[in-house]
Amino acid sequence: MLQYLVKRLLIMIPTLIGIMIISFGVIKLAPGDPAAQKYGSAGEAASGLRDRKGVAQAEAAFRKRWLLDEPLYVQFGAFVRRLATGELRYFRNDQRIWRDLGERLLVSLKLNLIVFALIYVLAIPSGIYSAAFPRSLLDRALTLVLFILYSLPSFWAAELLRIWLCNPDRSFRFPVAGLYDDRFPPLEGWWNYFQEFHSWERFVDYVWHITLPVVCMTYGALAYISRQMRAGMLEVIRQDYIRTAQAKGCSKARTILVHALRNGLFPIITLLASLLPFLVSGSVIIEVIFNIPGMGLYAYEHVLAREYDVVMATLMLSAVMTLLGILVSDVMYVLVDPRVTFESARK
């Protein structure tokens with residue numbers, strides 16, 4: 001097992017390098033750059049010749065500082081050096097990004113851990129029940145409701161809920177933005193971002209603020225994973241060893257939960273690789289709509305500002321989580337089904 005993990009971790013290195021090169025190239029294809037963002041409006045606003053010359057000189061110095069007029073491979077090499085030395089910075093003020101990145105990352109982590117817990121706690125039992133009692137009234141009702149939820153775009157549902165349930169004219173309404181009321185001071189530093197769990201009033205306010213975002217981030221994946229769980233369980237239930245267990249007098253509950261469930265988890269394990277990146281990247285659309293200061297909003301704001309280091313840092317975090325999710329899925333295959341070996345998982 002250790003040899004398998006080492007090989008997979010080594011394979012991740014060229015994969016990450018490839019992702020880094022492609023991502024950097026795609027970002028640079030976007031029109032504009034940090035210098036144009038910072039000095040374009042200032043140059044237009046300068047009325048006198050002296051002011052315009054001063055803006056032009058400042059812009060030239062800025063471009064020289066960040067090598068923006070150099071060839072693409074030179075800029076990429078400079079980024080790799082900053083990444084390797086931990087010196088990723090904001091272009092606008094030359095400050096390091098790590099403090100802000102850590103604080104935004106913790107916001108998305110807390111929110112998405114709640115979302116993941118709700119998805120799996122609700123999806124697995126509903127999928128098991130639908131597979132155990134196919135074509136029953138409750139199975140058909142669940143299928144109808146979940147397919148309707150899966151068909152609803154999250155941004156559309158988020159806007160409707162925000163307009164309907166966050167209307168200030170309503171006596172009962174949810175908060176329209178943020179994570180806390182104004183009466184609670186903002187937390188400074190990433191080490192304080194779990195402080196709400198020590199204050200009941202702050203915890204209730206936090207839950208009140210995240211209710212609508214969590215609902216919008218949960219229902220789509222819940223519907224999809226529940227149907228995948230149902231399909232996986234139905235395939236397992238039709239196997240010969242399940243019929244043999246039933247013929248020997250094994251109860252239906254034991255047959256489903258002991259003999260079938262373990263192999264029925266394979267589709268859920270596969271989906272883990274695609275869900276893990278959301279822990280660090282967050283949901284861009286939902287965070288923008290509800291103004292949640294997480295990684296999604298952070299990346300969106302800095303894409304508009306052409307802050308290349310911030311955008312690349314968020315992309316690389318998502319890439320690492322995707323590769324780790326694939327690795328965890330392969331390891332869990334072996335743990336769930338002893339018939340699967342690391343050699344077969346590698347193939």
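In this text the structure is predicted, and so the values were computed from the model without any measurement. Side-chain atoms are counted along with the backbone in the values below, which use heavy atoms only and exclude waters and symmetry mates.
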Taking the side chain as everything from C-beta on, heavy atoms only, tell me whether [X] gets closer than 4.5 Å to [Y].
| X | Y | value |
| --- | --- | --- |
| Thr255 | Ile242 | yes |
| Ile225 | Ile124 | no |
| Leu212 | Cys166 | yes |
| Arg230 | Glu235 | no |
| Arg227 | Thr143 | yes |
| Leu105 | Trp98 | no |
| Arg96 | Tyr90 | no |
| Pro34 | Phe62 | yes |

Rounded distance [0.5 Å steps], [atom1] in [X] versus [atom2] in [Y]:
| X | Y | atom1 | atom2 | result |
| --- | --- | --- | --- | --- |
| Leu67 | Phe79 | CG | CZ | 14.0 Å |
| Leu88 | Arg81 | CG | CZ | 12.5 Å |
| Tyr120 | Thr218 | OH | OG1 | 12.5 Å |
| Ile27 | Gln75 | CD1 | CD | 11.5 Å |
| Leu106 | Leu101 | CG | CG | 10.0 Å |

Under a 3.5 Å cutoff, is there a donor and acceptor pairing between the side chains of Thr314 and Arg104?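 No, Arg104 and Thr314 have no side-chain donor paired with an acceptor closer than 3.5 Å.
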
Where do [X] and [Y] come nearest, in terms of heavy atoms and distance?
| X | Y | value |
| --- | --- | --- |
| Ile286 | Ser154 | CD1-O, 3.9 Å |
| Arg89 | Asp309 | N-OD2, 3.1 Å |
| Ser126 | Ser226 | OG-OG, 2.8 Å |
| Tyr219 | Leu152 | OH-O, 2.9 Å |
| Met20 | Met312 | O-CE, 3.6 Å |
| Gly264 | Met233 | CA-SD, 3.9 Å |

If the plane angle is over 60° it's perpendicular, under 30° parallel, otherwise tilted; pick one for Tyr224 and Tyr150.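 Judged by the thresholds at 30° and 60°, the geometry between Tyr224 and Tyr150 is parallel.
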
Once you measure the plane-to-plane angle for Phe91 and Tyr308, does it fall in the parallel (<30°), tilted (30-60°) or perpendicular (>60°) bin?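 Judged by the thresholds at 30° and 60°, the geometry between Phe91 and Tyr308 is perpendicular.
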
Ignoring hydrogens and angles, tell me if any N or O in the side chain of Arg243 forms a donor-acceptor pair with the backbone of Ile237 under 3.5 Å.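 Absent.
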
Does the Lys NZ or Arg CZ of Lys252 fall within the cation-pi geometry relative to Phe133 - under 6.0 Å from the ring centre and within 45° of the axis? yes

Test side-chain hydrogen bond (donor to acceptor under 3.5 Å, both in side chains) applied to Gln246 and Ser251, step by step: CA-CA 7 Å; Gln246 292 173 337; Ser251 66; over 6 Å; no

Using a strict threshold of under 4.0 Å (side-chain N to carboxylate O), is an ion pair present between Asp33 and Lys28?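 Looking at Lys28 and Asp33, the cut-off is not met.
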
Taking Phe24 as the fixed residue, which of Leu29, Ile19, Leu72 is the one that meets the side chain to side chain contact (heavy atoms under 4.5 Å, CB included) rule? Leu72

Going only through I, L, V, M, F, W and Y residues with side-chain contacts under 4.5 Å, is there a path from Ile13 to Leu317? yes

Trp164 CH2: over 12 foreign heavy atoms closer than 6.0 Å: no

Please check if the number of heavy atoms outside Leu10 that lie under 6.0 Å from its CG is greater than 12.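 Yes, enclosed.
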
